[in-house]
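Down below is the structure, laid out as structure tokens.
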Amino acid sequence: MKAEYNSTNLPHLIVIGGGFAGLELIKKLNGKSIRITVFDKHNYFNFQPLMYQVASGGLGPDAIAYPLRKIIGPMPNVAFRMAEVLRIDTKLNEVETNIGKFNYDYLCIATGAQTNFFGNTELEKYSMQLKSIPDALDLRSDILQEFEKALSESKTGDVERYLNFVVVGGGPTGVETAGALAEIKNHVLPADYKEIDASKMKVHLIEAAPRVLSSMSEISSKKAQQFLEELGVKVQVNTAVKSYNAKTGELTLSSGEILKTDTVIWSAGVKGKTIDGIPEESITRGNRYKVDAYNKIENCNNVFAIGDIALMTTDAAYPNGHPMVGTVAQQQGRLLGKNILNLLQNKPLKPYKYLNLGSMATVGRHKAVLEVFGIKMQGYTAWLGWMFLHLMLLVGFRNRIVVLLNWMWNYFSYQRAIRIITRPFVHKQ
Ligand SMILES: Cc1cc2nc3c(=O)[nH]c(=O)nc-3n(C[C@H](O)[C@H](O)[C@H](O)COP(=O)(O)OP(=O)(O)OC[C@H]3O[C@@H](n4cnc5c(N)ncnc54)[C@H](O)[C@@H]3O)c2cc1C
């Protein structure tokens with residue numbers, strides 16, 4: 001049978017989310033005998049690993065975002081709807097969106113994760129986060145606006161709060177963001193804001209665990225902390241954030257220290273982005289859906305979850321679930337594609353096992369840590385490896401070229417080219 005989206009006699013799969021996991025799933029099912037509708041509230045795929053570079057002015061948003069219609073357009077059996085899924089009715093096999101209701105035979109939830117503030121409403125309201133492109137653009141504006149404020153109030157006011165930047169969470173995102181801020185301090189601030197004493201800008205990285213990059217080996221953690229400190233970042237481990245008063249700009253740490261800052265960047269945790277309608281008992285630790293070895297949600301018949309939103313405990317090497325990273329999402333998407341075809345042909349399904357390809361983080365120019373296939377690298381070679389792997393992982397040839405050219409420009413000029421405030425950021429009151 002010719003696989004076309006309009007062939008209504010084909011089974012209908014709805015995929016919620018065109019991220020790392022959802023895209024790999026539909027690529028596997030491209031041209032196969034199944035109709036697929038992909039819903040995403042954005043019309044682009046967001047390559048989140050490079051979002052901190054948008055926030056720090058090194059890349060424009062179009063370098064890391066890729067139009068979903070450009071990917072889905074050529075797929076004869078797949079259609080895209082830009083819509084937010086609001087509710088799922090597993091009894092009626094129906095999803096409710098902001099553009100209407102749609103029925104499915106199979107449903108796959110690939111909605112990813114959202115920032116976890118662990119119940120701290122003050123920090124949720126007032127801190128900056130890095131989960132979407134608008135978040136990254138807000139942070140870019142805020143950094144530049146703080147410099148402008150420091151300049152205009154340098155004679156009369158207390159500029160400490162404008163020039164103190166606090167990153168909370170020493171995972172890869174926190175480490176990379178703190179490193180990028182330190183490079184702004186070292187190269188952009190002295191060039192663009194020569195009236196400001198650059199030594200007054202301080203970058204703090206606060207981590208509650210005993211070391212940064214705790215998902216990597218101790219040697220990588222140590223090296224990453226050393227790189228950060230060489231760049232001038234003040235790293236505090238075994239330290240948690242207690243509270244934040246946005247009016248006075250006072251951030252209180254568990255050590256009792258109070259940092260004055262307008263900019264708290266929260267990268268201390270994520271939790272699953274669930275949708276109403278899936279039984280409560282199917283939601284587990286980290287607000288993720290509990291799935292079996294085939295990514296089927298427990299207590300549901302024909303509903304699957306893949307990527308960050310899914311928690312699988314059947315993989316013997318990962319009894320507490322897999323890390324919330326792009327490779328897991330992609331691998332689960334690809335395997336579920338194969339398994340759905342097996343299901344349609346009454347063939348046995350294959351359980352998921354994570355093939356860990358490694359992890360990496362970059363701190364700045366010539367400073368990165370990389371662990372691939374058990375090999376650990378730090379410094380210049382790791383930095384080159386990090387760049388190469390990220391270029392390869394980007395979606396779209398144009399995006400790869402744009403990123404490469406921007407990186408070359410930034411490297412030779414020591415600058416972050418996109419230092420523009422196109423959408424001023426207003427702090428919440
Ligand atoms: C700043 C940052 C840096 C990262 N760096 C790395 C890294 O270096 N390496 C790595 O491996 N991983 C990294 N990650 C993690 C990685 O991005 C995630 O693991 C990966 O994106 C998970 O893929 P996913 O498909 O589950 O979710 P996502 O890629 O987040 O996709 C979810 C999609 O669902 C859509 N969506 C959500 N809810 C709805 C709804 N109700 N209706 C319609 N659409 C919806 C969203 O718009 C989004 O497009 C990083 C994450 C962040 C935030």
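All values below were derived from every heavy atom in this structure, side-chain atoms included, with hydrogens, water molecules and symmetry-related copies excluded. Note that ligands are numbered from 1 as they come in the structure, with each ligand's atoms numbered from 1 the same way.
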Check V328 against ligand 1 and report side chain, backbone, both or neither, counting heavy atoms closer than 4.0 Å.
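Neither; no heavy atom under 4.0 Å.
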Looking only at heavy atoms, is any part of M360 under 4.0 Å from ligand 1, and if so is it the side chain, the backbone, or both, or is it neither?
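Answer for M360: neither.
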Tell me: protein heavy atom nearest [atom], and distance?
{"atom": "atom 42 (N) of ligand 1", "value": "V85 N, 2.9 Å"}
{"atom": "atom 15 (C) of ligand 1", "value": "M324 O, 3.7 Å"}
{"atom": "atom 6 (C) of ligand 1", "value": "P49 CG, 3.5 Å"}
{"atom": "atom 25 (O) of ligand 1", "value": "A21 N, 2.8 Å"}
{"atom": "atom 27 (O) of ligand 1", "value": "G112 CA, 3.3 Å"}
{"atom": "atom 37 (C) of ligand 1", "value": "T111 O, 3.3 Å"}
{"atom": "atom 50 (C) of ligand 1", "value": "Q48 CB, 4.2 Å"}
{"atom": "atom 18 (C) of ligand 1", "value": "D308 OD2, 3.3 Å"}

Would [X] count as a contact residue for ligand 1, given that I'm defining contact as a non-hydrogen atom of the residue lying under 4.0 Å from a ligand atom?
{"X": "A83", "value": "yes"}
{"X": "D40", "value": "yes"}
{"X": "P172", "value": "no"}

Applying ring pair (Phe, Tyr, Trp, His ring centres under 6.0 Å) to F227 and H366, what does each step give before you reach the verdict?
CA-CA 10 Å; F227 286 151; H366 303 178; over 10 Å; no
Does H12 reach the side chain of N103, with side-chain heavy atoms less than 4.5 Å apart?
no
For a ring pair (Phe, Tyr, Trp, His ring centres under 6.0 Å) with F39, tell me which candidate from F80, Y104, F102 qualifies.
F102
Output yes when the distance from some N or O of ligand 1 to some N or O of [X] is under 3.5 Å, and no in every other case.
{"X": "I309", "answer": "no"}
{"X": "E84", "answer": "no"}
{"X": "K41", "answer": "yes"}
{"X": "I275", "answer": "no"}
{"X": "G17", "answer": "no"}

Please assess W407 against W383 for the test ring pair (Phe, Tyr, Trp, His ring centres under 6.0 Å), listing each intermediate value before the final yes or no.
CA-CA 12 Å; W407 281 353; W383 179 71; 8.6 Å; no
Identified side-chain contact (heavy atoms from CB on, under 4.5 Å) partner of T115 from the options K271, K131, M128, E124
K131
Looking at R398 and D62, is any side-chain nitrogen of the basic one under 4.0 Å from a carboxylate oxygen of the acidic one?
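Looking at R398 together with D62, the answer is yes, because their closest N to O distance falls below 4.0 Å.
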Hey, which atoms in ligand 1 end up nearer than 4.0 Å to a heavy atom of L130?
1 (C), 53 (C)
For K273, take its heavy atoms, then give the atoms of ligand 1 lying under 4.0 Å from any of them.
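Answer, ordered by atom number: 37 (C), 38 (N).
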Side-chain donor-acceptor pair under 3.5 Å between H427 and D262, yes or no?
no
Angle between ring planes, H322 versus Y354, binned at 30° and 60°: parallel, tilted or perpendicular?
perpendicular
